[in-house]
Chemist: 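Below is the structure I would like to discuss, written out as structure tokens.
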2 protein chains.
Amino acid sequence: MYYCTMYSKELLKGTLQPIILSMLSETNKMYGYEIFTKVKERSDGKIILKDGSLYPVLQKMSKDGVLQFEEVHIGKRVRKYYFLTAKGSEVKRDYLQELKDFLETINELVYKSAVSV
Amino acid sequence: MYYCTMYSKELLKGTLQPIILSMLSETNKMYGYEIFTKVKERSDGKIILKDGSLYPVLQKMSKDGVLQFEEVHIGKRVRKYYFLTAKGSEVKRDYLQELKDFLETINELVYKSAVSV
DNA sequence: TATTAATACATCAATACATGATGTATTAAA
DNA sequence: TTTAATACATCATGTATTGATGTATTAATA
């Protein structure tokens with residue numbers, strides 16, 4: 001898994017969990033590498049999740065009761081299929097609402113101001 | 001200067017400099033507290049810059065040659081009026097372009113996906 | 001008039017997310 | 001056969017922002 005980042009790392013901060021929650025609410029079961037691939041494709045290669053970020057956060061979200069997973073053996077390889085818990089669905093709704101509001105606010109503030117007098 | 005934050009602190013990461021650059025490109029000269037006030041008003045109280053973030057970053061941006069300032073004495077109080085340098089205008093253009101692209105990408109990824117088959 | 005809020009700056013240790021480096025191992029492709 | 005892709009993992013490091021704390025002036029309010 002190799003990559004070059006499109007955006008300054010700081011901009012991505014706080015968006016990782018919402019992104020994962022969003023992906024998992026569309027496709028009810030996904031494993032880490034699948035999420036990585038999906039996000040990469042959907043963003044036209046602009047958002048490349050780092051495995052050093054992705055796998056730890058999936059573990060954290062499981063620990064927080066937001067996700068659950070089941071291990072599936074594919075040949076000799078193991079996949080962990082993650083899915084939203086009931087709590088996860090709630091958290092998803094809240095996080096996505098907050099993110100949406102944030103995007104709109106920043107957009108308004110930075111690009112839509114300075115109305116001529 | 002007291003405050004309550006609307007967004008999880010992480011979401012704001014990477015947006016502070018673009019916000020400041022944007023504000024300063026509209027109003028050519030502003031002092032720290034004025035930027036604080038303007039951002040607060042423009043965002044309907046949703047983005048409250050912290051003085052622990054604002055003043056250090058203004059110093060950093062000056063050190064980086066992005067901003068310059070002049071001190072103005074108002075009675076016994078001192079104000080530092082900041083303004084964009086030539087380099088600052090370039091940096092502004094780049095940062096705002098990146099941020100805009102980022103906002104669009106996240107929006108597309110998280111809210112506009114899952115087209116029906 | 002006394003006290004609180006607002007104005008205006010500052011410093012710095014602590015926080016926390018994400019990164020980058022590094023590792024293991026299987027499977028497919030060149 | 002060697003490289004790339006698949007699939008997971010750990011952990012020290014970086015760094016932007018925060019929160020706490022500080023000084024001091026000026027305006028408002030009780």
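Every chain is numbered from 1, with letters handed out A, B, ... down the list of sequences. Hydrogens, waters and symmetry mates play no part in the numbers below; they use all other heavy atoms, side chains included.
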Chemist: On DNA chain C, nearest-nucleotide positions of B:Arg79 versus B:Lys13: which is more 5'?
Modeler: B:Arg79
Chemist: I'd like to know if the side chain of A:Ser62 pairs up with that of A:Lys80 as donor and acceptor (distance under 3.5 Å, no hydrogens or angles considered).
Modeler: no
Chemist: Mind calculating the distance between CZ (A:Phe36) and C1' (C:dA18) to the nearest angstrom?
Modeler: 15 Å
Chemist: Measure from NE2 on B:His73 to C1' on C:dC9 and round the result to the nearest Å.
Modeler: 13 Å
Chemist: If you measure from the Lys or Arg side-chain nitrogens to the Asp or Glu carboxylate oxygens, is any gap between A:Glu10 and A:Lys13 under 4.0 Å?
Modeler: yes
Chemist: Counting only side-chain N and O atoms of A:Tyr55, is one of them less than 4.0 Å from OP1 or OP2 of D:dA9?
Modeler: no
Chemist: Find the distance B:Ile47:CD1 to D:dT17:P and express it as a whole number of Å.
Modeler: 12 Å
Chemist: Are B:Phe102 and A:Tyr7 close enough that their ring centers fall under 6.0 Å?
Modeler: yes
Chemist: Both conditions, 6.0 Å and 45 degrees, for the charged tip of A:Lys100 above the ring of B:Tyr111: are they met here?
Modeler: yes
Chemist: Go through the side-chain N and O atoms of B:Asp51 and B:Tyr33 and say whether any donor and acceptor fall under 3.5 Å apart.
Modeler: no
Chemist: Tell me which nucleotide among D:dT18, C:dC17, C:dC9 gets nearest to the side chain of B:Lys50.
Modeler: D:dT18
Chemist: Just call it for A:Lys76: base, sugar-phosphate, or nothing, with non-hydrogen atoms closer than 4.0 Å on any strand.
Modeler: sugar-phosphate
Chemist: Given D:dT17, C:dT11, D:dA16, which nucleotide is nearest the side-chain atoms of B:Pro56?
Modeler: C:dT11
Chemist: With the side chain of B:Gln59 defined as its heavy atoms from C-beta on, choose the nearest nucleotide among C:dT11, D:dT6, D:dA9.
Modeler: C:dT11
Chemist: Name the residue closer to the 5' end of DNA chain D, choosing between B:Gln17 and A:Tyr82 according to the nucleotide with the nearest heavy atom.
Modeler: A:Tyr82
Chemist: So which nucleotide from D:dT10, C:dC9, D:dC8 ends up closest to the side chain of B:Asp51?
Modeler: C:dC9
Chemist: How many whole angstroms separate atom CD1 of A:Ile48 from atom P of C:dG20?
Modeler: 12 Å
Chemist: Rounded to whole Å, how long is the line connecting atom CG of B:Leu49 with atom P of D:dT17?
Modeler: 10 Å
Chemist: Starting at CG of A:Leu11 and ending at C1' of D:dT17, how long is that distance when rounded to a whole Å?
Modeler: 14 Å
Chemist: A:Lys38 NZ to D:dT6 C1': how many Å, rounded?
Modeler: 18 Å
Chemist: Assuming nearest nucleotide by heavy-atom distance, tell me which of A:Ser53 and A:Ile74 is located more 5' along DNA chain C.
Modeler: A:Ser53
Chemist: Mind calculating the distance between CG (A:Leu58) and P (D:dT10) to the nearest angstrom?
Modeler: 12 Å
Chemist: Looking only at side-chain N and O atoms, does B:Tyr31 come under 4.0 Å of OP1 or OP2 in C:dA8?
Modeler: yes
